[in-house]
*Asks:* 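First, the structure itself, so that you have it in front of you.
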Amino acid sequence: MIDILIIGAGPSGLCAAKTFLQHNPTSNIVILDSHSTVGGVWSKERLYPTLRTNNLYPTMDFSDFPMKDVGIGRPGHHITGEEMHAYLTAYAHHFDLMKRIRFNTRAVRVHQVQEEVTLNSDASCWKVEVEVDVHELGNPTTTVTLETNKLVMATGILGVPNMPSLKGSETFDAPLLHSSALGPRYQDVLQNPHINRVAVLGGSKSAYDTVYLAATTAHKVDWIIRKSGRGPSWVFPSHTKIGPFKAWREKLVTRRIFTFMSPCVLPDHSGKHISWIRDFLHTNKVGKAITKSFWKILHADTIRDCRYREGKDNKNFGVLEPEHSPFWYGTSSGTLNYEQDFKALVTSGQVTIHRQDISHLSPHAIHFLAADDAGKETLAVDALICATGYAATPPVDFFPPELHFQLGIPTTLDSLSDEEKAIWATYDQEADDLITKQFPQLIPLPPPPKSKSKESQDTKTYTPWRLHRGIAPPGPPTLTTARSIVFLSMHSNITNIPRIELQCLWSLAYFHDKLIKVSNSQVHKDTALFQRWCQLRSPLGHGRQYPDLNFDQLPYWDWLVADLGLKVRRKKSVWKELVSPYGSEDYRGLVEEWIEKYGIHKGEGSEQERREGEKRL
Ligand SMILES: Cc1cc2nc3c(=O)[nH]c(=O)nc-3n(C[C@H](O)[C@H](O)[C@H](O)COP(=O)(O)OP(=O)(O)OC[C@H]3O[C@@H](n4cnc5c(N)ncnc54)[C@H](O)[C@@H]3O)c2cc1C
Ligand SMILES: NC(=O)c1ccc[n+]([C@@H]2O[C@H](COP(=O)([O-])OP(=O)(O)OC[C@H]3O[C@@H](n4cnc5c(N)ncnc54)[C@H](OP(=O)(O)O)[C@@H]3O)[C@@H](O)[C@H]2O)c1
């Protein structure tokens, strides 16, 4: 039997394995991945030529494995897809993880083993049906069942493409693909001499990347952003200017002083010297005015940075200006991480933007519901690439289906019993009441897209992820001692790596019941409050489905560190705590700190140690 089975060898799965092995180097850990290389989104097979990180070097470093140590990346540059892949491969070698990974192996079904299992038992809790030797083409050769005591779902939130079902697609007779296939299909679509005119559907970062890639490979591009949806997202330069100061956006949002600007319901662990600032900014009349101005200035600055309203060409480019303030978009946004000027490319005449819904497809043609602003009703194209995002559902079947409710996995409303619906409805209402009282500006939700029409209701509605601390089930496994499953990275953040590291350590502590105790009813209350607030905080991002945190990342990290009973505030002075940005480097050595505090091998720390941890907070 396997001690810990990790599904996914992306950044989350690799970091989880490394963290668990640090704690117990002899544990039998197996990692599965359906790809043939490590990296997940950054695996060799998913890379496309212009893929780069939104982040600037060195913010994608794990705290204990700096990119510079392996000669990857350059200061001030976006990291290329190839570099990310090389870095994660080096990480897997460095921590001796390669021998534990079974590539080309896909988990298809997870069953719960019915017996009651206690915390430190070696019995199996989960059976996982696995297809071995999975390749892009062809069928898997074998199916086997693996048994494990602990299961770590590190399958990523961006693995199940949301491919729209467009009427007439079977008659299209030209390449029709999702942006997640840009890597494997690059040669046969964008290097194909018969493909000259490419249509791209979607208005967010993958659409920007696809438009850029198609236009820079000499294609004429028809970029379709549906009228009935949320419209284009914010995609801005990595730096902005606030007054006389040039600010690196990614670092701006992890400076405590700026996190205070966000209406955040997470506990405030910023310490007595500065925590009054958050209260002041959200309860005092002057404070509220400052906060309001901050968001107004940021909105105006972002419009300026993106040059939507600048120059003669802005009629074509101005269409890309999002309909609402960046305040509401979470990470449904991105950075202009391109070598060529994106605006110049769009305004060169090579790219035409259409704000219209697609009615149907016919051979080599896209038909709109109505004429677009330029009077076009039909486009003749050679390929259609749907950059339409991802379904937030897990890529694995959980059996029996009731597990969806217990584990907090998205499910369709009609698959829940009335009793199950009522349970969350009550907690959700309680959460909404709390949020309304504290931050009335977040309700009603969401600010409606200006051009909303009934066609936008086409997507199947799933319940959101409902995980305790965004990681563990809110149902029985959390409430009993059988803590046997976690879900890593069912989140989206602007700075993902520190969050991944903290979630991995939190999971280790959770498996060993070494977190600060929370009562059963509090688990449900906290889960509902976190989920409802995420939904209200970034309704135009991914908050409807899972935590999508931007300005609120640091309070989330604090929350996890506090649960671990470790030191939350990691800067050397109050001033630094207030203004200096947080990143992975601030959590360097945290796993060792935790191991020292709680003991090694199966984490047999004493009750007294845990109480000490509680007191320190
Ligand atoms: C195009 C693109 C660009 C991005 N750019 C950035 C960026 O610049 N900065 C940033 O911070 N984030 C970015 N992200 C977000 C990205 O999700 C994270 O950077 C990071 O990859 C998340 O790591 P993960 O391990 O949680 O998930 P993933 O990287 O998605 O890895 C999940 C792994 O699980 C495997 N898997 C899934 N299902 C199964 C199964 N059933 N059986 C076996 N294996 C399975 C997959 O093959 C994959 O290897 C980007 C995402 C995309 C799609
Ligand atoms: N490093 C990078 O450069 C990079 C590159 C790509 C992606 N990413 C990251 O990956 C994550 C996912 O980005 P994403 O752009 O793939 O997904 P996304 O942010 O979810 O955006 C999906 C887009 O498709 C539209 N859409 C969805 N369903 C549609 C339908 N049926 N018909 C037409 N349009 C539809 C959505 O708008 P409406 O539903 O409102 O119409 C939205 O504009 C983001 O966090 C992003 O930052 C990063």
Side-chain angles (χ1 to χ4, degrees), residues 242-243 245 247 252-302 324-330 427-447 469-470 493-494 516 518 522 525-541 543 547-563 568-571 573-582 617:
I242 300 185
F245 304 107
L252 183 78
V253 298
T254 60
R255 291 177 200 267
R256 232 174 250 290
I257 180 81
F258 292 110
T259 69
F260 290 148
M261 298 291 172
S262 178
C264 179
V265 295
L266 302 184
D268 188 347
H269 288 286
S270 55
K272 66 175 188 298
H273 296 297
I274 48 179
S275 65
W276 63 270
I277 302 176
R278 184 154 111 177
D279 282 347
F280 168 76
L281 287 171
H282 295 280
T283 55
N284 179 283
K285 224 169 141 185
V286 178
K288 282 186 192 174
I290 293 173
T291 313
K292 207 168 164 189
S293 306
F294 171 79
W295 290 107
K296 240 177 135 171
I297 290 169
L298 192 74
H299 188 180
D301 285 350
T302 312
H324 297 279
S325 157
F327 176 88
W328 300 105
Y329 286 74
Y427 284 115
D428 285 355
Q429 188 54 56
E430 223 176 276
D432 280 3
D433 292 345
L434 267 171
I435 299 167
T436 318
K437 218 162 124 198
Q438 215 180 340
F439 302 116
Q441 70 270 37
L442 293 182
I443 292 177
L445 151 144
R469 299 292 193 261
N493 301 129
I494 228 171
I516 298 293
V518 181
Q522 198 60 41
K525 282 184 185 164
D526 285 357
T527 304
L529 184 63
F530 187 40
Q531 184 275 314
R532 284 298 300 158
W533 168 73
C534 286
Q535 201 157 351
L536 294 161
R537 183 65 189 82
S538 47
L540 299 180
D548 185 359
L549 308 180
N550 197 340
F551 274 83
D552 304 293
Q553 296 171 108
L554 183 56
Y556 176 71
W557 303 346
D558 289 351
W559 208 20
L560 299 187
V561 180
D563 276 356
V568 175
R569 295 180 296 281
R570 310 197 63 85
K571 302 288 185 190
S573 67
V574 173
W575 174 247
K576 285 207 162 135
E577 197 57 56
L578 193 61
V579 299
S580 167
Y582 264 82
L617 291 163

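All residue numbers in this chain count up from 1 along the given sequence.
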*Asks:* Please find the pair of heavy atoms, one from Ala247 and one from Leu252, that lie closest to each other, and give the distance.
*Replies:*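 Taking every non-hydrogen atom into account, CB-CD1, 4.1 Å.
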*Asks:* Taking the side chain as every heavy atom from C-beta outward, state whether Arg278 and Cys264 have any atom pair closer than 4.5 Å.
*Replies:*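 A side-chain contact exists here, since the closest heavy-atom pair is under 4.5 Å.
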*Asks:* Does a side-chain heavy-atom distance below 4.5 Å link His282 with Lys288?
*Replies:*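 Of all side-chain heavy-atom pairs linking Lys288 with His282, none is under 4.5 Å.
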*Asks:* Assess whether salt bridge (Lys or Arg N to Asp or Glu O under 4.0 Å) is satisfied between Asp432 and Arg532, documenting all intermediate values.
*Replies:* CA-CA 7 Å; Asp432 280 3; Arg532 284 298 300 158; 2.7 Å; yes
*Asks:* Rounded to the nearest 0.5 Å, how far apart are CD1 of Ile277 and CD1 of Ile290?
*Replies:*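 So the gap between those two atoms works out to 10.5 Å.
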*Asks:* I'd like to know whether Val253 forms a side-chain contact (heavy atoms from CB on, under 4.5 Å) with Thr259, so could you lay out the CA-CA distance, the side-chain angles of the two residues, the decisive distance to 0.1 Å, and finally the verdict.
*Replies:* CA-CA 6 Å; Val253 298; Thr259 69; over 6 Å; no
*Asks:* Looking at Leu442 and Ile435, what are the two nearest heavy atoms and their distance?
*Replies:*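 Minimum heavy-atom contact is CD1-CG2, 4.1 Å.
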*Asks:* Keeping the roles fixed (side chain from Asn493, backbone from Leu549), state whether a donor-acceptor pair exists under 3.5 Å.
*Replies:*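 Pair found, side chain donor or acceptor close to backbone of Leu549.
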*Asks:* Could you tell me whether the side chain of Leu298 reaches within less than 4.5 Å of the side chain of Phe327, counting heavy atoms only?
*Replies:*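 Phe327 does not reach Leu298 side chain to side chain.
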*Asks:* When rounded to the nearest 0.5 angstrom, what distance separates CG in Asn284 from CG in Asp279?
*Replies:*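 If we round to the nearest 0.5 Å, Asn284:CG and Asp279:CG are 10.5 Å apart.
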*Asks:* From Trp276 CH2 over to Thr283 OG1, what is the distance, rounded to the nearest 0.5 angstrom?
*Replies:*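 If I round to the nearest 0.5 Å, the distance is 11.0 Å.
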*Asks:* Quick one: pull up CG in Asp558 and CZ in Arg569 and give me the separation to the nearest 0.5 Å.
*Replies:*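 Answer rounded to 0.5 Å: 8.5 Å.
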*Asks:* Is the distance between the ring centroids of Trp559 and Phe530 less than 6.0 Å?
*Replies:*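 Under 6.0 Å, so yes.
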*Asks:* Is His299 reaching over with its side chain to a backbone N or O of Phe294, donor-acceptor style, under 3.5 angstrom?
*Replies:*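 Checking the backbone N and O of Phe294 against the side chain of His299, no donor-acceptor pair under 3.5 Å is found.
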*Asks:* Where is the tightest heavy-atom contact between Val561 and Val568, given as atom of each residue plus distance?
*Replies:*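 Smallest heavy-atom distance, with atoms named: CG1-CA, 3.9 Å.
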*Asks:* Leu578 and Ile274: which non-hydrogen atoms are nearest, and at how many Å?
*Replies:*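 So the minimum-distance heavy-atom pair works out to CD1-CG2, 3.8 Å.
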*Asks:* Using a 3.5 Å distance criterion without hydrogens, assess whether the side chain of Asp563 forms a donor-acceptor pair with backbone atoms of Ile516.
*Replies:*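 No; judged by distance alone, with no hydrogens or angles, the pair does not exist.
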*Asks:* Roughly how far, to the nearest 0.5 Å, is the OG atom of Ser538 from the CG atom of Asn550?
*Replies:*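 That separation rounds to 8.5 Å.
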*Asks:* Any side-chain to backbone donor/acceptor pair from Gln553 onto Ile494? Under 3.5 Å, distance only.
*Replies:*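 Yes, because the side chain of Gln553 sits within donor-acceptor range (under 3.5 Å) of the backbone of Ile494.
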*Asks:* So, does Ser262 use its side chain to make a donor-acceptor pair with the main chain of Phe551 at under 3.5 Å?
*Replies:*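 Checking the backbone N and O of Phe551 against the side chain of Ser262, no donor-acceptor pair under 3.5 Å is found.
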*Asks:* Are Glu577 and Tyr582 close enough that a side-chain donor and a side-chain acceptor fall under 3.5 Å?
*Replies:*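 Short answer, yes.
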*Asks:* Has the side chain of Lys525 got a donor or acceptor atom that lies under 3.5 Å from a matching backbone atom of Glu430?
*Replies:*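 Judged by distance alone, no pair lies under 3.5 Å.
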*Asks:* Just by modelled atom types, is the Leu266 backbone N or O under 3.5 Å from a matching donor or acceptor in the Trp533 side chain?
*Replies:*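 No; judged by distance alone, with no hydrogens or angles, the pair does not exist.
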*Asks:* Looking at every non-hydrogen atom in both residues, tell me the closest pair between Leu529 and Ala431 and how far apart they are.
*Replies:*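 Shortest heavy-atom separation between Leu529 and Ala431 comes out as CA-CB, 3.7 Å.
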*Asks:* Between Thr291 and Met261, what is the shortest heavy-atom contact and its length?
*Replies:*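 Scanning both residues completely, I find the closest heavy atoms to be CG2-O, 3.2 Å.
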*Asks:* Could you tell me whether Arg537 sits above the aromatic face of Trp295, with NZ or CZ closer than 6.0 angstrom to the six-membered ring centre and within 45 degrees of the axis?
*Replies:*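 Checked: cation-pi criterion met.
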*Asks:* Take Gln438 and Val265 through the side-chain contact (heavy atoms from CB on, under 4.5 Å) test and state the conclusion after the steps.
*Replies:* CA-CA 8 Å; Gln438 215 180 340; Val265 295; 3.9 Å; yes
*Asks:* Rounded at 0.5 Å granularity, tell me how far OG1 in Thr436 sits from CD in Gln441.
*Replies:*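 CD of Gln441 is found 10.5 Å from OG1 of Thr436.
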